[in-house]
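The structure appears below as structure tokens.
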Amino acid sequence: QVQLLESGGGSVQAGGSLRLSCAASGSTYNTNAMGWYRQAPGKQRELVAVITNGGASDYAGSVKGRFTLSRDKAKHTMYLQMDSLKPEDTAVYYCATGVDYSAYKDSLLLGGVEYSGKGTLVTVSS
């Protein structure tokens with residue numbers, strides 16, 4: 001079992017920044033990909049950033065160049081630095097482990113996750 005706890009969400013104006021954190025506890029030796037996905041009201045989940053166990057990261061085209069995923073393995077913590085935020089980034093953001101995904105054109109297609117947190121709300125106003 002893996003427990004994930006997100007933090008760092010909040011309200012910000014367009015152009016601003018936020019840094020999300022995801023603290024993992026439990027059986028944190030998961031060797032599969034980890035990442036962040038988001039879900040806006042009335043929309044499907046969107047995988048925005050993923051990092052493999054080998055450290056390779058990938059981003060959805062909608063956030064590429066603005067979001068940066070990093071992790072501190074010693075602290076079992078993953079981060080999502082979000083810069084140049086736009087109103088369309090408004091969503092609940094979830095961190096996840098055991099991410100099953102594929103890259104297709106400019107998108108990351110989310111197949112499923114093994115564990116995810118309860119999410120943190122990000123609201124970007126214009």
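The backbone N or O of K75 sits less than 3.5 Å from a side-chain atom of T77, completing a donor-acceptor pair. A donor-acceptor pair under 3.5 Å is absent between the side-chain atoms of Q81 and the main chain of L69, judged by distance alone. With E6 contributing its side chain and C95 its backbone, the two residues share a donor-acceptor pair below 3.5 Å. Judged purely by atom type and a 3.5 angstrom limit, S116 has no side-chain atom pairing as donor or acceptor with the backbone of A96.
Counting non-hydrogen atoms of neighbouring residues, nucleotides and ligands closer than 6.0 angstrom, the CD atom of Q39 exceeds 12 such neighbours.
Residues S17 and S84 come closest through the heavy atom pair OG-N, 4.3 Å. The two residues L110 and L47 make their nearest non-hydrogen contact at CB-CB, 4.1 Å. Nearest heavy atom pair, residue E46 against residue A60, reads OE2-CB, 4.2 Å. The heavy-atom pair separating A14 from S126 by the smallest distance is CB-CA, 4.3 Å. The two residues G112 and R45 have their closest heavy-atom pair at CA-NH2, 4.5 Å. Taking each heavy atom of A91 and L121 in turn, the nearest pair found is O-CD1, 3.6 Å.
Put simply, the side chain of L20 reaches to within 4.5 Å of the side chain of T120, judged on heavy atoms. Side chains of L18 and L85 form a contact here, defined as non-hydrogen atoms less than 4.5 Å apart. Under the 4.5 Å side-chain criterion, counting only non-hydrogen atoms from C-beta, R38 is in contact with D89. Between Q3 and Y115 there is no side-chain heavy-atom pair separated by less than 4.5 Å. The side-chain heavy atoms of V2 and M34, taken from C-beta on, include no pair separated by under 4.5 Å. Side-chain contact between N53 and K73 is present, with at least one heavy-atom pair separated by less than 4.5 Å.
Hydrophobic clustering of Ile, Leu, Val, Met, Phe, Trp and Tyr side chains at less than 4.5 Å, counting indirect connections, keeps W36 apart from V50. Both V113 and V92 belong to a common hydrophobic cluster when Ile, Leu, Val, Met, Phe, Trp and Tyr are linked at side-chain heavy-atom distances under 4.5 angstrom. Taking hydrophobic clusters as Ile, Leu, Val, Met, Phe, Trp and Tyr residues chained together by side-chain heavy-atom distances below 4.5 Å, Y59 shares a cluster with I51. L108 and V99 end up in the same hydrophobic cluster when Ile, Leu, Val, Met, Phe, Trp and Tyr side chains are linked at under 4.5 Å. Hydrophobic cluster membership is shared by M82 and V12, with clusters built from Ile, Leu, Val, Met, Phe, Trp and Tyr side chains linked at under 4.5 angstrom.
A cation-pi arrangement is present between R19 and Y79 under the rule of less than 6.0 angstrom and at most 45 degrees off the ring axis.
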| message | What verdict does the side chain to side chain contact (heavy atoms under 4.5 Å, CB included) test give for L4 and K118, after you've listed the backbone C-alpha separation in whole Å, the side-chain angles of each residue and the deciding distance to 0.1 Å? | response | CA-CA 8 Å; L4 302 171; K118 293 185 178 181; over 6 Å; no
| task | Begin with the C-alpha distance, continue with both residues' side-chain angles, and end with the deciding distance and a verdict on side chain to side chain contact (heavy atoms under 4.5 Å, CB included) for H76 and R71. | result | CA-CA 8 Å; H76 303 298; R71 64 183 178 184; over 6 Å; no
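Ring-plane geometry between Y93 and F67 is classed as tilted, the angle between the planes lying from 30 to 60 degrees on a 0 to 90 degree scale.
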